Amino acid sequence: MKQKIAQLLIQAIEKIDFLVIDGVDMPAVAVERSRDPRHGDYASNLALTLAKQAKINPRELAAQIIAALPSDPAVVKVELAGPGFINFFIDPNAHHSIIKTIHELGPQFGLSQVGAGKKIQVEFVSANPTGPLHVGHGRGAAYGSAVANLLAAVGFQVHREYYVNDAGRQMDILATSIWLRYLEECGEVLSFPCNAYRGEYIREIAWSIHKDAGFEYRRPQALVLENIPADEAQGGDKEVHIDALIERAKTLLGPKLYRDFFQIGLDTILDDIKQDLHEFGVDYQQWFSERTLLNKGCVEQALERLRTSGYLYQQGGATWFASSRLGDEKDRVVVRENGQYTYFASDIAYHLNKLDRGFDQIIDIWGADHHGYIPRVKAAIKALGADSDKLTVLLVQFATLWRGDEKVPMSTRAGEFVTLRQLRGEVGKDAARFFYVLRRSEQHMDFDLKLATEKTNENPVFYVQYAYARVCSVLRQLDEKNGQRNWLLGMENLDLLSADLEIQLIHSLARYPEVLEKAALQHEPHQLAHYLRELAHEFHTYYNSHQFLVEEAPLRDARLNLICAFKHVLGNGLDLLGINKPESM
RNA sequence: GCGCUUGUAGCUCAACCGGAUAGAGCACCAGCCUUCUAAGCUGGGGGUUGCAGGUUCGAUUCCUGCCAAGCGCGCCA
């Protein structure tokens with residue numbers, strides 16, 4: 001309908017001589033749904049945008065456009081309003097046909113093909129496998145999977161991916177942390193480094209290793225701590241302290257035994273993350289290992305390409321990437337003085353790999369604290385000779401956690417954080433997902449656990465689910481009363497749905513495809529969430545003021561067809577957000 | 001100090017890439033269950049959109065400058 005009106009407007013403009021003669025530039029013809037019913041169903045600001053170029057009063061121009069407008073059976077009235085808006089009133093019967101469309105298309109209704117033929121990768125969460133996911137990751141998970149689902153709904157071929165940082169210093173700290181806890185299990189007495197991972201899950205892994213392997217990995221405390229520089233608590237440098245302990249672990253255990261700790265820690269935690277996300281309704285096409293990238297020599301290849309294009313140079317014993325020539329604020333080290341790659345080096349290789357896989361678009365979803373990282377990755381893509389516009393980085397602000405008036409401290413290293421699993425246990429998957437996705441991702445967010453746990457009844461997700469359950473309940477009632485339902489009869493009598501609330505609900509249902517497309521292309525699932533809440537509200541109001549299971553069959557069947565259409569749309573929307581559709585509550 | 005993000009009702013958030021009288025939820029007040037689930041509905045109070053300018057028919061939206069908050073500015077990830 002939007003397109004149809006735009007077409008009519010274009011035809012009208014082409015008939016107005018002075019616009020054609022003066023060669024006025026045509027703006028993209030904007031047709032919007034009216035917010036206020038008094039402004040009709042659709043409105044265009046075309047005259048307002050053209051008026052300046054045409055050097056004519058907007059209202060006068062609008063009047064001329066209206067006069068030149070071809071007639072169309074679906075358009076019953078056109079009005080000039082305000083400073084020069086053109087409002088279109090649509091034949092109500094034309095709206096009713098949307099119910100038929102929804103029933104015919106079912107789960108397909110609202111889907112579109114704007115992204116057809118395009119491969120798009122969405123990488124999200126990608127938390128280091130050094131501990132369980134916390135509520136900050138939960139937001140990225142809910143947001144990322146909703147974005148991915150939306151993109152798939154508008155036709156993109158979507159590839160969901162988790163980048164596993166299974167190489168690098170953090171993993172060494174993890175392995176060493178587990179080993180030290182293991183030594184404690186074995187009865188060795190040592191002070192635990194302040195920079196090691198202190199969470200309870202580390203003890204559990206250590207305990208389990210001790211249970212399976214006994215004392216095989218035990219080394220005496222004296223050997224472990226011999227000549228180790230002091231920790232921060234003793235006036236030393238915590239980084240130097242932990243690095244020394246990592247080296248000590250490697251030498252005392254040897255490569256093979258050390259690797260056991262590394263691998264068991266990684267496997268245990270990664271399995272936990274996978275399970276956690278799965279239970280949260282988040283699944284991936286691929287878990288991409290950083291270590292694999294290194295082992296295959298991809299990092300060296302990527303750097304070689306940069307070197308060939310003249311973007312690498314040596315300074316101070318390190319290898320630098322001249323990212324400042326491509327928009328970054330300074331150059332970045334890719335190979336350290338000690339010969340090791342930086343994290344950034346493998347990230348360059350990873351993005352090269354993404355490009356090589358032929359995605360038309362690449363979406364990275366990061367925590368907002370990484371925003372300073374964007375220019376250097378874009379610079380790397382440019383230096384590799386690719387189009388940096390292919391990469392879109394979407395940022396998710398961390399949630400600040402509160403328990404009532406008290407701020408909850410969050411520190412992965414210290415093991416002080418509320419895990420995603422705890423959150424799910426307390427408020428449930430559906431409430432958590434809806435709560436996360438109700439807000440724009442860049443918006444700072446206060447998450448009050450006390451409120452979320454104490455007042456789950458007031459969580460908006462129940463409101464929306466309740467609407468769904470109510471439709472199911474009506475249909476059950478019909479069954480119990482042995483009521484007949486004639487689908488065809490309902491379709492033939494859709495014009496009986498003439499109450500304001502019915503018209504309103506139908507309008508809203510018709511909007512769904514536009515909501516989906518916009519939410520998808522703008523990467524804003526909150527638009528869908530808000531829409532679903534409004535839709536549920538309109539249904540609840542309707543439910544409270546009209547009886548559906550009435551005696552007169554034509555009206556009853558028409559109403560049932562309407563609320564079933566509502567059920568379809570609401571259900572589709574909830575599916576995309578990864579929220580359950582309860583048949584009863 | 002520089003950069004990115006954010007600032008909208010008491011609180012949490014919307015506002016369709018510049019549109020018409022800035023909207024919801026929570027909280028507060030007053031009503032609605034012998035009728036398809038009251039986890040619901042109806043009505044009410046609530047606002048100088050951080051501040052000050054600018055751009056134009058028109059600004060919460062764009063530009064500039066301040067103010068405030070968060071984050072970033074490693075040979076960490």
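A, B, ... follow the sequence lines: proteins, then strands. Residue 1 opens every chain. Worth saying up front: this structure is predicted, and the values here are computed from it rather than measured.
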So what does [X] hit on the nucleic acid, given a heavy-atom distance under 4.0 Å: a base, only sugar-phosphate, or nothing?
X       : result
Q443(A) : sugar-phosphate
S584(A) : base
Q477(A) : sugar-phosphate
N45(A)  : base
A43(A)  : base
E514(A) : nothing

Is it true that H540(A) and R470(A) share a donor-acceptor pair across their side chains at a distance under 3.5 Å?
yes
With distance as the sole criterion, is a donor-acceptor pair present between the side chains of Q504(A) and Y542(A) under 3.5 Å?
no
Using atom [atom1] of [X] as one end and atom [atom2] of [N] as the other, report the distance to the nearest whole Å.
X       : N      : atom1 : atom2 : answer
R38(A)  : U21(B) : CZ    : C1'   : 8 Å
E32(A)  : G58(B) : CD    : C1'   : 14 Å
Y42(A)  : G19(B) : OH    : C1'   : 18 Å
M585(A) : C36(B) : CE    : C1'   : 17 Å
H526(A) : G25(B) : NE2   : P     : 17 Å
F539(A) : C36(B) : CZ    : P     : 13 Å
E534(A) : C41(B) : CD    : P     : 13 Å
W366(A) : G70(B) : CH2   : P     : 24 Å

Would you measure the distance from the [atom1] atom in [N] across to the matching atom in [M] and give it in whole Å?
N      : M      : atom1 : answer
A27(B) : A9(B)  : C1'   : 12 Å
G44(B) : U8(B)  : P     : 26 Å
U49(B) : U61(B) : C1'   : 10 Å
C26(B) : U64(B) : C1'   : 38 Å
G53(B) : C11(B) : P     : 25 Å
G65(B) : C76(B) : C1'   : 36 Å
U56(B) : C75(B) : P     : 47 Å
C13(B) : U6(B)  : C1'   : 13 Å

Determine whether the aromatic ring centres of residues [Y] and [X] are separated by less than 6.0 angstrom.
X       : Y       : result
F89(A)  : Y42(A)  : no
H134(A) : H137(A) : yes
F288(A) : Y350(A) : yes

Verify the contact: side-chain N or O of [X] to OP1 or OP2 of [N], cut-off strictly under 4.0 Å; return yes or no.
X       : N      : answer
H537(A) : C41(B) : yes
Y543(A) : U35(B) : no
R470(A) : A38(B) : yes
H540(A) : A39(B) : no

Intermediate values then yes/no, salt bridge (charged side-chain N to carboxylate O under 4.0 Å, His left out), D328(A) and K378(A):
CA-CA 8 Å; D328(A) 198 7; K378(A) 292 238 178 198; over 6 Å; no
Check whether the aromatic ring of Y463(A) stacks on the base of A39(B), taking stacking as ring centres less than 5.5 Å apart and planes within 30° of each other.
no
Classified by glycosidic angle (syn within 90° of 0, else anti), C67(B) comes out anti
When you match G168(A) and K481(A) each to their closest nucleotide on RNA chain B, which lands nearer the 5' end?
K481(A)
RNA chain B nearest-nucleotide lookup for Q522(A) and L395(A): closer to the 5′ end is L395(A)
Backbone N or O of E290(A) within a donor-acceptor pair of the D166(A) side chain at under 3.5 Å?
yes
If the plane angle is over 60° it's perpendicular, under 30° parallel, otherwise tilted; pick one for H351(A) and W366(A).
perpendicular
Decide yes or no, distance alone: a donor-acceptor N/O pair under 3.5 angstrom between the base of U5(B) and the side-chain of R440(A).
no
Is it true that D243(A) and R169(A) make a salt bridge, defined as a side-chain N closer than 4.0 Å to a carboxylate O?
yes
Using 4.0 Å as the upper bound for N to carboxylate O, is an ion pair formed by E502(A) and R559(A)?
yes
Nearest to the side chain of [X], which nucleotide is it out of [options]?
X       : options                : value
H530(A) : C13(B), C36(B), G40(B) : C13(B)
T541(A) : G25(B), C41(B), A20(B) : C41(B)
R533(A) : A24(B), A14(B), C41(B) : A24(B)

Heavy atoms of Y143(A) and P525(A) approach each other most closely as CE1-CD, 3.5 Å
Might you point out which heavy atoms bring Q443(A) and Q397(A) nearest each other, and give the distance in Å?
O-CB, 3.6 Å
For nucleotides 71-76 of chain B, which of its nitrogen or oxygen atoms have a protein nitrogen or oxygen under 3.5 Å away, and what is each distance?
unit_1, atom_1, unit_2, atom_2, d
C71(B), O2, H371(A), NE2, 2.8
C73(B), O3', K330(A), NZ, 3.3
G74(B), OP2, K330(A), NZ, 2.8
G74(B), O5', K330(A), NZ, 3.4
C75(B), O2, E337(A), N, 2.7
C75(B), N4, G316(A), O, 2.9
C76(B), OP2, R336(A), NE, 3.1
C76(B), OP2, R336(A), NH1, 2.4

Do R439(A) and F435(A) meet the cation-pi criteria used here (NZ or CZ under 6.0 Å from the six-membered ring centre, within 45° of the axis)?
yes
Does NZ or CZ of R533(A) come closer than 6.0 Å to the centre of the six-membered ring of Y463(A), within 45° of the ring's axis?
no
Could you list all N or O pairs between the protein and nucleotides 55-57 of chain B that sit under 3.5 Å apart?
none

Grab the stems for RNA chain B, please: at least three consecutive Watson-Crick or wobble pairs, both distances below 3.5 Å, written as range with range.
B:1-7 with B:67-73, B:10-13 with B:23-26, B:28-32 with B:40-44, B:50-54 with B:62-66
Would you indicate whether Q314(A), at its atom CD, is surrounded by more than 12 heavy atoms from other residues, nucleotides or ligands within a distance under 6.0 Å?
yes
